[in-house]
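Here is how names work: the chains are called A, B, and so on, in the same order as the sequence lines, proteins then strands, and each is numbered from 1. Just so you know, these numbers use all the heavy atoms, side chains as well, and skip hydrogens, waters and symmetry mates. Computed from a predicted structure; not experimentally measured.
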Number of protein chains: 2
Amino acid sequence: MAPRTRRTNPLALAVLVQLWERPMHPYEISMTLRERRKEESVRLNFGSLYSVVESLEKHGLIEAASTERDGNRPTRTVYRITDAGVTEAIDWLTDLVREPVKEFPQFEAALSFLPALAPDDAVRLLRIRAEALRMALTANDATRAAARAQGLPELFELEAEYEAAMQRAELAFVEDLTGRIVDGSLAGVDMWRRLHDTLVHDGRVDPDEMAKAVAELEASIGGS
Amino acid sequence: MAPRTRRTNPLALAVLVQLWERPMHPYEISMTLRERRKEESVRLNFGSLYSVVESLEKHGLIEAASTERDGNRPTRTVYRITDAGVTEAIDWLTDLVREPVKEFPQFEAALSFLPALAPDDAVRLLRIRAEALRMALTANDATRAAARAQGLPELFELEAEYEAAMQRAELAFVEDLTGRIVDGSLAGVDMWRRLHDTLVHDGRVDPDEMAKAVAELEASIGGS
DNA sequence: TGTCGAATGCTCGATGTCGAATATATCTCG
DNA sequence: CGAGATATATTCGACATCGAGCATTCGACA
């Protein structure tokens with residue numbers, strides 16, 4: 001049994017699926033993915049593409065079918081998928097659909113450090129974000145409508161529908177959060193405002209005040 | 001002006017925020033992040049931590065405050081944030097809150113290749129995913145309830161609330177999608193079933209049939 | 001006919017990521 | 001008190017990622 005790939009880069013899955021359709025050379029794979037708008041759901045760049053292809057070949061999931069030379073252009077290697085490759089593609093896809101994997105979206109990281117910003121600044125930024133999300137949603141809807149008008153069945157734009165659903169949810173979250181900060185109904189805003197008034201000056205915190213604040217907080221949540 | 005960091009790994013932001021609170025050594029940073037459950041929103045592993053710290057120092061955003069030796073344990077280097085570091089932390093955080101960045105969740109990639117699975121398999125897998133999401137949501141809710149019961153203000157668990165909101169949205173999407181495949185109201189399911197009946201046998205596609213199908217699809221969407 | 005820019009197709013090296021390995025100290029429990 | 005588990009603290013090297021760069025060819029246009 002060939003040592004399974006590490007299944008890091010989904011681009012490898014994209015390559016397998018393309019080659020499952022028919023043999024291609026790497027550049028052709030990238031162009032096909034681009035035409036079908038897959039580059040919007042799978043991170044695609046040339047450097048990665050070639051190393052991913054090399055890795056797939058090393059693991060026996062794809063193999064060189066021919067190295068052809070068209071006129072005097074650089075030789076291109078056409079790859080085809082192997083039986084092991086078909087199995088791996090199906091297995092991998094199966095796993096991705098079946099089990100949610102923990103992702104680390106940047107906004108989640110940002111939220112976890114939000115108290116480092118001044119409350120009023122946070123509100124201002126969140127409102128800008130909400131507006132950006134509204135625009136992105138409008139664009140997404142328009143793109144999907146255009147695709148459908150062209151005759152592309154919904155089945156082939158599920159990824160865009162998913163993205164839109166996530167954008168709508170994020171927008172709702174951001175609007176709700178903004179409201180709760182403004183009207184003070186979010187537990188902790190009062191403390192947040194106090195802290196920024198008393199212990200931050202020109203971006204620099206007063207070390208003693210900071211230590212005191214942290215200690216209080218940790219005490220209040222019962223040092224488990 | 002120090003050449004700004006490339007702002008790839010959010011762990012670097014986490015380090016800056018911790019050191020903004022007070023000087024620490026890397027291991028202490030990691031333990032603090034863990035205690036405060038930040039490792040659930042920021043990818044944290046030791047290898048990355050040390051290289052991130054090194055990079056921050058190289059860019060002048062943090063600096064060694066002392067190298068102390070406690071008993072006979074390995075010497076540890078305590079770092080403190082610089083003025084440039086404070087500026088960078090605030091700027092970075094500001095940008096993260098203000099502008100949505102395109103992410104590439106694995107499930108989005110999976111959806112874009114869903115037609116490669118047989119429709120009935122897809123439905124079966126989506127149902128398993130839905131159940132997993134329900135469980136994750138329950139766990140998330142319980143964790144947040146426990147934290148609040150301990151006295152931690154909501155302000156400090158925004159990231160978990162966000163995650164829950166995203167999970168709920170994904171669950172709704174998955175349930176809806178499953179329904180539309182089952183009842184055939186998703187445009188393209190009929191073709192999907194036909195294709196898998198006629199052109200896939202034991203995971204292998206018939207190349208001619210595949211070529212014909214692809215050509216038809218591309219013709220119908222008007223080759224622009 | 002010359003040339004400029006876009007398209008084709010790939011390579012390379014700097015940088016980033018990750019997890020296992022290392023080494024010591026302290027705790028636990030019979 | 002001794003053995004193994006756990007906590008402290010970091011290093012290392014294999015591997016992945018990325019974007020710019022390179023080399024060629026083709027088409028458009030003056």
Check your understanding: OP1, OP2 of D:dC18 versus side-chain N and O of A:Asn45: anything below 4.0 Å?
Key -> yes

Practice item. Measure up the A:Phe46 and A:Tyr27 rings against each other and bin them: parallel (under 30°), tilted (30 to 60°), perpendicular (over 60°). Key: parallel

Check your understanding: Quick one: is A:Arg43 getting a side-chain N or O under 4.0 Å of the D:dC18 phosphate, OP1 or OP2?
Key -> yes

Check your understanding: Atom CG of A:Leu11 and atom C1' of D:dA16: how far apart are they, to the nearest Å?
Key -> 12 Å

Check your understanding: Applying the salt bridge (charged side-chain N to carboxylate O under 4.0 Å, His left out) test to B:Arg34, which of B:Glu39, B:Glu40, B:Glu28 qualifies?
Key -> B:Glu39

Exercise for review: Ignoring the backbone of A:Arg76, work out which of C:dT17, D:dT10, C:dG9 is nearest its side chain.
Suggested key: C:dG9

Review point. What is the distance from atom CD of A:Glu157 to atom CZ of A:Arg148, rounded to the nearest 0.5 Å?
Key: 6.0 Å

Review point. In whole angstrom, what separates B:Asn9's CG from D:dT17's P?
Key: 14 Å

Practice item. Compare side-chain N and O positions of B:Tyr27 against OP1 and OP2 of D:dT10 and report whether any pair is under 4.0 Å apart. Key: no

Point to revise | Integer-rounded Å distance: C:dG9 C1' and A:Arg34 CZ | key: 13 Å

**Study point:** Whole angstrom value for the distance that separates P of D:dT17 from CG of A:Leu56
**Key:** 11 Å

Practice item. Please state whether the phosphate of C:dT17, meaning OP1 or OP2, lies under 4.0 angstrom from any side-chain nitrogen or oxygen of B:Ser51. Key: no

Revision key, fill the gap. In whole angstroms, the gap separating P of D:dT11 from CG of B:Leu49 amounts to 11 Å

Review point. Just wondering, are more than 12 heavy atoms of other shown residues or ligands nearer than 6.0 Å to CD in A:Glu54?
Key: no

Check your understanding: What nucleotide among C:dC18, C:dT11, D:dA9 has an atom nearest to a side-chain atom of B:Tyr50?
Key -> D:dA9

**Study point:** Between D:dA9 (C1') and B:Glu28 (CD): distance, integer Å
**Key:** 12 Å

Exercise for review: Using atom CD of B:Glu54 as one end and atom P of C:dC18 as the other, report the distance to the nearest whole Å.
Suggested key: 17 Å

Study note, to complete from the structure: Re D:dG13: Watson-Crick or G-U wobble partner, both distances kept under 3.5 Å, found to be C:dC18

Practice item. Find the distance B:Met24:CE to D:dT8:P and express it as a whole number of Å. Key: 14 Å

Review point. Do A:Leu114 and B:Val97 come within less than 4.5 Å of each other through their side chains, counting heavy atoms only?
Key: yes

Practice item. Tell me which nucleotide among D:dA16, D:dT11, C:dC10 gets nearest to the side chain of A:Arg6. Key: D:dA16

Point to revise | A:Thr8 side chain, from C-beta outward: closest of D:dT11, D:dC15, D:dT17 | key: D:dT17

